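All figures in this text were calculated on a predicted structure; none of them were measured in a lab.
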Amino acid sequence: LTGSIIKINDRVKISVELIDLSKRNVKWSESFDRKMSDIFIIQDELALNIVQNLDISLKSNDREMVLRDPATNIEGYDRLLEFQRNMPYSNVIFFDSSIIQSNRNIINKIIEDDPLNAEALTTRAMLNFIYSNAGVSWEFGGDANTKLGEDSERALVIDPNNALAL
């Protein structure tokens, strides 16, 4: 499977090819040029097309898992991806009080806007774990491990296959 993604303003162009390496030919290809707000619809179409072209049959619960959207709010999901991409995990700056405050505010806003975003919940749990083990106050109030567990449990209810929450 190979492809490319280009995002320009509120549009996204996705090109995908499924290649049969043994026969050295393209088994399936598709291009999508849509609004960014349709990204989860495109994701579903891609997943089903790939499964179909691999000649795989899905059980109903597997199909449900393939079609599960990672978020209900595209803007919040985009902010989460940007947040994750820019987090300086291994940098001393990560533990600066203004960075901690900013990280907390950003992730809390993402979860406030989309409380069913399992990935955002597990990201907050991970931050809670990192900060509490470093002896840094994350300022959630209450026991850090309890909060971590609550976010992880909520994420697993939303997405039972969430690897980080497991």
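Counting all heavy atoms, side chain and backbone alike, Asp20 lies closest to Ser22 at OD1-OG, 2.7 Å. Closest non-hydrogen pair, Ser29 versus Val26, comes out as CB-CG1, 4.1 Å. Pairing each heavy atom of Asp159 with each of Ala118, the nearest pair is CB-CB, 3.9 Å. Closest of all the heavy-atom pairs between Ile110 and Ala120 is CG2-CB, 3.8 Å.
With contacts defined as side-chain heavy-atom distances shorter than 4.5 Å, the pair Ser4/Lys13 does not qualify. Here the side chains of Tyr77 and Asp114 are not in contact, with every heavy-atom distance at 4.5 Å or above. A heavy-atom distance below 4.5 Å is not found between the side chains of Ile106 and Arg79. Using a 4.5 Å cut-off on side-chain heavy atoms (C-beta onward), Asp151 and Thr122 make no contact.
Hydrophobic clustering, with ILVMFWY side chains joined whenever heavy atoms are under 4.5 angstrom apart, keeps Ile19 apart from Leu46. A continuous path of ILVMFWY side-chain contacts below 4.5 Å connects Met36 to Ile5, so both sit in one hydrophobic cluster.
More than 12 heavy atoms of other residues, nucleotides or ligands shown are found within 6.0 angstrom of CG on Leu81. Surrounding CZ of Phe129 are at most 12 heavy atoms belonging to other residues, nucleotides or ligands under 6.0 Å away.
Note: Lys27 NZ to Glu17 CD = 14.5 Å, rounded to the nearest 0.5 Å. Rounded to the nearest 0.5 Å, atoms OG (Ser102) and CD1 (Ile107) are 11.0 Å apart. If you take CG on Asn103 and CG on Asn128, they are separated by 12.0 Å, rounding to the nearest 0.5 Å. The CG atom of Leu148 lies 11.5 Å from the CG atom of Leu121; values are rounded to the nearest 0.5 Å. Atoms OG1 and CG, on Thr123 and Asn117 in that order, are 8.0 Å from each other to the nearest 0.5 Å. From Glu75, atom CD reaches atom CG of Asp113 across 9.0 Å, with rounding to the nearest 0.5 Å.
Between Arg85 and Glu82, at least one side-chain N (NZ, or NE/NH1/NH2) sits under 4.0 Å from a carboxylate O, which counts as a salt bridge. Between Arg124 and Glu150, none of the side-chain N atoms (NZ, or NE/NH1/NH2) sits under 4.0 Å from a carboxylate O, so this pair counts as no salt bridge. With respect to the salt-bridge test (charged N to carboxylate O, under 4.0 angstrom), the residues Asp78 and Lys7 qualify.
Side chain of Asn108 to main chain of Arg104: a donor-acceptor pair is present (N/O by atom type, distance under 3.5 Å, no hydrogens or angles). Under the 3.5 Å distance criterion, the side-chain polar atoms of Asn9 are left unmatched by any main-chain donor or acceptor of Arg11.
Scored by the side chain to side chain contact (heavy atoms under 4.5 Å, CB included) test, Asp10 finds no partners at all (sequence neighbours excluded).
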**Request:** Start with the C-alpha distance between Phe32 and Val12, add both sets of side-chain angles, then the distance that settles side chain to side chain contact (heavy atoms under 4.5 Å, CB included), and finish with yes or no.
**Result:** CA-CA 8 Å; Phe32 301 89; Val12 64; over 6 Å; no
**Step-by-step side chain to side chain contact (heavy atoms under 4.5 Å, CB included) determination, Gln84 to Met126** = CA-CA 11 Å; Gln84 290 172 334; Met126 179 196 60; over 6 Å; no
